[in-house]
Engineer: 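Just passing along the structure, written as structure tokens.
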Amino acid sequence: MPADLAVIGLGPLGLPLAQAAVAAGIPTLGYRTGTGPEAGSLSPAELRRMLSGGFRHATNPAELGRVRTAVICAPTPRDADGGLDLSQVEAAARTLGARLRPHTTVILESPVYPGTTEELLRPLLEEASGLRAGRDFHLAHSPSRVDPGSRAYSPANTPKVIGGLTPACTESAAAFYGRLTDKVVRARGLREAETVQLLETNFRHVNMALVNEMAVLCHDLGVDLWDVVRCAETKPFGFQAFRPGPGVGGHSVPLDRTGQPGSPLRMVELAQQVNNRMPRYVVQRAAALLNEHGKSARGARVLLLGVTYKADLADQQGSPAREIAMRLMELGAAVSYHDPHVPSWSVLDRPVPRADSYYEAAADADLTILLQQHRTYDLQGLSVKAQLLLDTRGATPTGAAHRL
């Protein structure tokens with residue numbers, strides 16, 4: 001066998017898994033699910049460490065048939081109707097199924113609707129291989145739990161949920177993940193494991209929507225929401241602190257449906273509406289601030305600081321910065337940006353000017369909008385340099401800027 005593990009899909013879900021496996025001493029193959037660039041990225045130093053640790057990038061799909069465990073981490077982006085596009089999962093299943101050998105453990109980590117592993121993945125694998133899941137090979141689902149850029153949580157200290165087609169499938173998957181993590185949690189079955197991801201992702205989006213609505217309300221009431229959250233999070237039970245922002249980005253999209261007809265999640269649908277409205281609200285606040293200081297949005301020089309979806313990462317997936325820039329441009333503002341992780345940026349097919357020094361650019365801009373608090377930003381100094389500063393993250397010192 002060329003490797004113990006094949007990770008199919010080298011994006012934001014697959015790469016962290018491959019890194020964790022290599023760090024645990026597991027010889028690992030990586031296989032891309034598409035021809036275009038995938039969302040995951042490695043620094044040259046990280047790539048060197050993986051290669052020296054036994055990682056290989058497989059270009060021949062035949063190699064997938066010579067591993068003990070195959071984990072499908074194909075992306076499932078939104079389709080035109082707002083649902084999940086499972087086409088890359090299907091393609092991965094067909095590619096793997098045609099090479100699948102008996103006794104292999106196949107695990108799906110991609111975010112999917114409950115029932116997908118058994119009703120979509122299983123038939124594709126069985127048809128392509130001629131093998132039967134639960135008898136000839138093991139089949140399981142494990143929701144991905146990746147916190148990009150986190151220094152506190154890694155695959156090693158994040159519990160892994162496992163649900164198999166049969167008890168033996170669950171135990172086989174648990175044995176694999178037990179090599180990577182300190183704790184394995186066994187779900188009752190495939191659907192329960194799939195629904196864990198649904199609950200965890202929607203929990204995040206619903207709570208973000210609540211605090212985003214509170215931000216709008218508190219601004220109208222003249223209340224400091226950030227102080228409200230600071231005080232509320234001292235409650236030792238029944239509360240978990242979330243903080244508002246200019247929108248919600250990332251790869252874990254909320255699901256207001258379950259893949260079954262007649263079963264919408266109305267609260268999640270409303271949460272999406274609230275969160276999707278935040279970029280527009282930020283632009284409204286920006287225009288109002290300019291007006292209060294005797295300036296029109298048309299012709300105003302507006303600097304956007306941090307255009308990625310999460311601090312200290314280069315990933316722009318779902319970042320609200322793009323819509324904010326677009327709406328400012330439509331108002332006639334001259335938009336520029338600074339982000340230490342993004343060397344070039346385009347909006348509406350036009351390159352956005354990049355500031356070399358955010359200090360100098362903030363001093364020159366009519367309005368600076370802090371969209372992401374990268375660690376390299378000196379927010380104390382920024383609040384002094386900027387002519388007018390709108391902080392959408394509550395990251396600047398109290399009273400130093402206008403907060404969302």
Side-chain angles (χ1 to χ4, degrees), residues 202-250 254 256 266-297 300 302-306 309-311 318-321 323-328 330-331 333 362 365-373 377 379-380 382-384 386-404:
N202 286 341
F203 177 86
R204 170 178 176 253
H205 283 266
V206 167
N207 281 279
M208 284 184 169
L210 173 61
V211 78
N212 280 336
E213 276 208 311
M214 288 294 297
V216 177
L217 173 67
C218 286
H219 174 69
D220 293 342
L221 296 177
V223 171
D224 185 346
L225 170 68
W226 307 93
D227 191 57
V228 172
V229 174
R230 179 184 67 83
C231 295
E233 67 182 343
T234 63
K235 184 179 180 182
F237 53 88
F239 181 82
Q240 180 176 346
F242 282 77
R243 288 169 174 79
V248 180
D256 58 4
R266 291 183 294 167
M267 185 174 291
V268 179
E269 184 178 22
L270 179 59
Q272 289 189 76
Q273 294 173 11
V274 172
N275 291 330
N276 290 343
R277 197 170 61 224
M278 289 308 292
R280 189 182 316 124
Y281 176 70
V282 170
V283 173
Q284 290 171 353
R285 286 285 305 279
L289 276 174
L290 287 167
N291 286 335
E292 289 170 13
H293 288 76
K295 297 176 182 177
S296 168
V302 180
L303 171 68
L304 303 182
L305 289 184
Y309 93 85
K310 192 174 184 181
S319 171
E323 182 179 347
I324 290 169
M326 179 187 70
R327 290 183 178 276
L328 287 168
E330 289 173 346
L331 290 177
D366 297 310
L367 173 65
T368 299
I369 306 178
L370 179 66
L371 297 179
Q372 197 55 265
Q373 71 273 36
Y377 286 155
L379 300 180
Q380 179 76 52
L382 176 66
S383 60
V384 175
Q387 292 188 44
L388 187 59
L389 178 60
L390 174 59
D391 175 6
T392 69
R393 296 290 180 177
T396 52
T398 303
H402 297 271
R403 286 181 170 182
L404 192 62

Engineer: Return all side-chain donor-acceptor pairs below 3.5 angstrom for residues 286-294, not counting sequence neighbours, or 'none' if the list is empty.
Structural biologist:
unit_1: Asn291; atom_1: ND2; unit_2: Ala287; atom_2: O; d: 3.3
unit_1: His293; atom_1: ND1; unit_2: Leu289; atom_2: O; d: 3.0

Engineer: If we ignore hydrogens and angles and just use 3.5 Å, is the side chain of Glu213 paired with the main-chain N or O of Val274 as donor and acceptor?
Structural biologist: no

Engineer: Taking Gln387 for its side chain and Ala365 for its backbone only, find out whether a donor-acceptor pair lies under 3.5 Å.
Structural biologist: yes

Engineer: I'd like to know if the side chain of Thr392 reaches the main chain of Gly245, judged simply by a donor and an acceptor atom lying under 3.5 Å from each other, with no hydrogens or angles considered.
Structural biologist: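 No.
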
Engineer: Spell out, as yes or no, whether a donor-acceptor pair under 3.5 Å connects the side chain of Asn275 to the backbone of His205.
Structural biologist: yes

Engineer: Quick one: pull up CG in Leu367 and NZ in Lys295 and give me the separation to the nearest 0.5 Å.
Structural biologist: 9.0 Å

Engineer: Could you list the residues that satisfy salt bridge (charged side-chain N to carboxylate O under 4.0 Å, His left out) with Arg285, not counting sequence neighbours?
Structural biologist: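 Arg285 satisfies salt bridge (charged side-chain N to carboxylate O under 4.0 Å, His left out) with no residue once adjacent residues are dropped.
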
Engineer: For Asn212, is there any backbone N or O sitting under 3.5 Å from a side-chain donor or acceptor partner on Arg243?
Structural biologist: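 Here the side-chain-to-backbone pair does not exist.
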
Engineer: Does any part of the side chain of Arg277, heavy atoms only, come nearer than 4.5 Å to the side chain of Val216, both counted from C-beta?
Structural biologist: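 No, too far: nothing below the 4.5 Å cut-off.
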
Engineer: Is a donor on one side and an acceptor on the other found under 3.5 Å between the side chain of Asn202 and the backbone of Val268?
Structural biologist: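 Not confirmed, Asn202 side chain does not pair with Val268 backbone.
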
Engineer: Could you tell me whether the side chain of Pro397 reaches within less than 4.5 Å of the side chain of Gln380, counting heavy atoms only?
Structural biologist: yes

Engineer: Measure across Val229 and Val211 and return the closest heavy-atom pair with its distance rounded to 0.1 Å.
Structural biologist: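 Smallest heavy-atom distance, with atoms named: CG2-CG2, 4.5 Å.
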
Engineer: With the side chain counted from C-beta on, respond yes when Pro244 and Trp226 share a heavy-atom pair under 4.5 Å apart, and no when they do not.
Structural biologist: yes

Engineer: Taking all heavy atoms of Ala400 and all of Ser383, pick out the closest pair and write down the distance.
Structural biologist: CB-CB, 3.5 Å

Engineer: Measure the spacing between CG of Asp366 and CG of Leu388 and express it to the nearest 0.5 Å.
Structural biologist: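 Between Asp366 CG and Leu388 CG, I get 8.5 Å after rounding to 0.5 Å.
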
Engineer: Counting N and O atoms only, with roles assigned by atom type, does the side chain of Arg393 sit under 3.5 Å from a partner on the main chain of Leu371, one being a donor and the other an acceptor?
Structural biologist: yes

